[in-house]
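Inspection log for the structure reproduced underneath, given as C-alpha cells.
Throughout, a chain's letter reflects where its sequence line sits, starting with A, and its residues are numbered from 1. What you see is a predicted model, and the numbers here were worked out from it, not measured in a lab.
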There are 2 protein chains.
Amino acid sequence: MSESVVLDPVDLDILRLLQNDARTTYRDLAAEVGVAASTCLDRVARLRRAGVILGHQLRLDPAKLGRGLQALLMVQVRPHRRELVGPFVERIRALPESRSVFHLTGPDDYLVHVAVSDTADLQRLVLDEFTSRREVARVETRLIFQQWDCGPLLPPAAG
Amino acid sequence: MSESVVLDPVDLDILRLLQNDARTTYRDLAAEVGVAASTCLDRVARLRRAGVILGHQLRLDPAKLGRGLQALLMVQVRPHRRELVGPFVERIRALPESRSVFHLTGPDDYLVHVAVSDTADLQRLVLDEFTSRREVARVETRLIFQQWDCGPLLPPAAG
DNA sequence: GCTGAAACGACCCGGCT
DNA sequence: AGCCGGGTCGTTTCAGC
C-alpha cells in the first residue's frame, strides 16, 4: 500500500511548488520547473495515481470561525481493545470540535487536537464527550499557545 | 487580528464543500449551494480577504515519500525564555522531518510532529537535533500508530 | 446577486526525440 | 517512454443590469 515511489527532481520541484500553493497553474508550474505545461499535467496525474498526492485541502483559520481556543487532549482508553477503541475513535472524529486524532505509543493511547470557542466550551467538551465515557480512563488537557506549520514534506535528501 | 467574521448559510455551504475537495469548480459549487457561479467567486474572494481561508494546500502521503514513520516529540526547553525559544522553534521548523510545532501549557513546552524513514532515522533526529542542544532539557518520543483527520472545521452550531 | 461574453487555463492528441 | 505544441472545451472572471 505505501510502497515508496520513484521521484525525479522535476517531480520534487512540482510537489514543492504545489505545497506552497496548490492552485498554481500548470503554465506557471511549467515555467518554474523547466518543462512544458502538458508534461506538468502528466506528472501531477501520475503522482495522483501513485497515491503521493492525496488531495487538495482548504486551510481555514479556526479563530475566524469562532473557535479561537485550541487544545490537545491526551486520552487513556481502558480496556484498550479493538471493540472499544474503534467506536471511540469514530465518535471523537465525528465531533465538530475535533481536528485530528492520533493513536500513539506510550502511557496515553490517543491524542486529540480540538478547536473550541473558549475555556467553558472546552470544559463542556471534556466533561460531556470524554470523561463521561466509561472507556475513557483519563484525560489530560494541554492548551495550545501557538502553532507553526513547517516546510514542505519531501523525501530524504539521499533520494 | 482574529476577529470573528459574519458567515451566512451560503458561506458555510461553500466552506463545507471546499473542505471536501478544494478543486471543486465554482460552477459545481454554484449548483450545490443555489447561487450563481460569479457569486461563489465573490464569496470565496471575500472569505480569502477576511482571512477565513488561509490557502490551498496539497495533501501528500508521507509514506510514499520515504517517510513511513511518524512520531510526536514532547520537548522541555529550559530556561523557557524568549531569546532561547524563538531560535529553537525556528531551527525545529527548518528541519525537513518536521511537520508542525505546538507551544503548549503543561510540563512539556513544545510538541513536535515529525515524519522520518525509520527508527534509526528517528534516533538520529532526536539525538542530533534535540537532546544535543543545551536548551533542550528533556525529550519524550511517542510513535504514531495511526492518524485520522476529522470533519470540516466549521463554526459552532448556534451561529 | 444575476447574466452573458471574453479571457484564460486545463486537458486531450498526434507527432517528435 | 516520455516530452512537447497546438486545438478544443470548460472554467473563471468582469462589466453591466
Between OH of B:Y26 and P of C:dG1 the distance, given in whole Å, is 15 Å
note: B:L29, atom CG; D:dT12, atom P; distance rounded to Å ~ 9 Å
Taken to the nearest whole Å, CG/B:D42 to P/D:dC14 is 9 Å
Exercise for review: Could you check whether the rings of A:H103 and A:H80 sit parallel, tilted or perpendicular, using 30° and 60° as the cut-offs?
Suggested key: perpendicular
### Query
Would a distance-only check, ignoring hydrogens and angles, find a side-chain to backbone donor-acceptor pair under 3.5 Å from B:R67 to B:A115?
yes
A:R49 atom CZ is separated from C:dC11 atom P, nearest whole Å, by 13 Å
B:H56 NE2 to D:dT12 C1', in whole Å, measures 13 Å
Rounded to whole Å, CD1 of A:I14 lies from P of D:dC3 at a distance of 9 Å
Taking D:dT13, C:dC12, D:dC4 as options, the one with an atom nearest any side-chain atom of B:S38 is D:dT13
Point to revise | Under-4.0 Å side-chain N/O to phosphate OP1/OP2 contact, B:R23 with C:dA10 | key: no
B:K64 side chain vs A:V5 backbone, donor-acceptor pair below 3.5 Å: no
DNA chain D nearest-nucleotide lookup for A:R43 and B:T24: closer to the 5′ end is A:R43
From CZ of A:R46 across to C1' of D:dG2 the rounded distance in Å is 10 Å
Side-chain atoms of A:T39 come closest, of D:dC3, C:dC12, D:dT13, to D:dC3
From the candidates C:dC2, C:dC11, D:dC4, the one with an atom nearest any side-chain atom of A:V35 is D:dC4
Considering only heavy side-chain atoms of B:T25, the closest of C:dC2, D:dC4, D:dT11 is D:dT11
Q) Between A:D21 and A:L18, is there a donor-acceptor pair closer than 3.5 Å when you use the side chain of the first and the backbone of the second? A) no
| request: For A:Q147, look at atom CD and say whether over 12 heavy atoms of other residues, nucleotides or ligands are found less than 6.0 Å away. | output: yes
Between CG of B:L41 and P of C:dA5 the distance, given in whole Å, is 19 Å
